[in-house]
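Report on the following structure.
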Amino acid sequence: MDVILPVADASFGSTCVARGARLSRLVTGLTWAEGPAYSAAERALYFSDVDGDTLHRWSASQGDSVVRSPSRFANGNTIDLEGRLVTCEQGPRRVVRADGDGEVAVLADRFDGQRLNSPNDVVVRSDGTVWFTDPDYGIISDAQGSVADPELDGCYVFRLDPGSGELDVVATDLQKPNGLAFSTDESVLYVTDSAVTHDRDGAHHIRAYDVVDGRWLADSRVLREISPGWPDGLRVDVEDRIWAAAGDGVHCLAPDGTLLGKILVPETVANCEFGGPSGDQLFITATSSLYVITLVAGGALMR
Ligand code: MG
């Protein structure tokens, strides 16, 4: 079966995906693969098996290894400006940064004295600020955390200044905010809402926001509804195309939300990430497996 499905762009298979590219499975046997983050310095991909409570590291030379077990139900990961791994931990309901020697520094675990719900995904802006989503997946079941009453009155998107420790709510209009990514010039933030996972009338769309002064969000709008399934993690390539997880694979959107084409994946996709020596490989975390396929353009941010 061909895994490349053009939609609005008939040439998707050659303009967006490398001609003749194939989907390869790198790792399998996972429970819920998520949170891929590529370290350019290490030439390695970190990713989480959320339900498996492990953090993995994969490289072409060394293959797959478990680097944290338990991972405290780690979910989303990213690499900061200094090449350090930043991780959302759903168990202790916090965002942490690896500080060497196996230690982690807690970046955020409370807002206004109240515990976060369960941070899900995270991205670092070029000014060093840390933006993350805080849906309730880690406290509504024990599968990805532990059941608890929420302390906050909603599920928000946050911006953290790790220098000052200042934590701000930047978006309140999502039901279950999930994946997030900036446009290449960081003037737009895309955030997915996956509320349909627990409410069949819930949201399953990508929102776009204008970033104001690098601090606030304005002009919230639905960029596109995603189906089948729901959007989870997403990434933006150097051409400003959006690559978003969906029920049948990875959907590639133009900045205006037009669905250019899909990469069909045989398992439900949770997230994706650019990496590889040239940055043009798309790593895909999909339920029990990690896949990779080669694209034409790479990611906007490679650290
Ligand atoms: Mg997610």
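Residues take their numbers from the sequence shown, with the count starting at 1. Just the heavy atoms: all of them, side chains too, but no hydrogens, waters or symmetry mates, feed the values below. Counting starts at 1 for both ligands and their atoms, in listed order.
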Quiz item: What N/O/S atom of Glu34 is the closest to the Mg ion (ligand 1)?
Solution: OE2

Quiz item: Are Asn271 and Asp232 linked by a side-chain donor-acceptor pair shorter than 3.5 Å?
Solution: no

Quiz item: Does any non-hydrogen side-chain atom of Cys272 lie less than 4.5 Å from one of Tyr291?
Solution: no

Quiz item: If the Mg ion (ligand 1) is the vertex, what is the angle to OD1 of Asn178 and OD1 of Asp232, rounded to 10 degrees?
Solution: 70°

Practice problem: For the residue pair Asn178 and Thr133, confirm or rule out a side-chain donor-acceptor distance under 3.5 Å. | Solution: no

Quiz prompt | N/O/S from Asn271 sitting under 2.8 Å away from the Mg ion (ligand 1) | solution = no

Quiz item: Quick one: do Asp127 and Arg125 make a salt bridge, cutoff under 4.0 Å?
Solution: yes

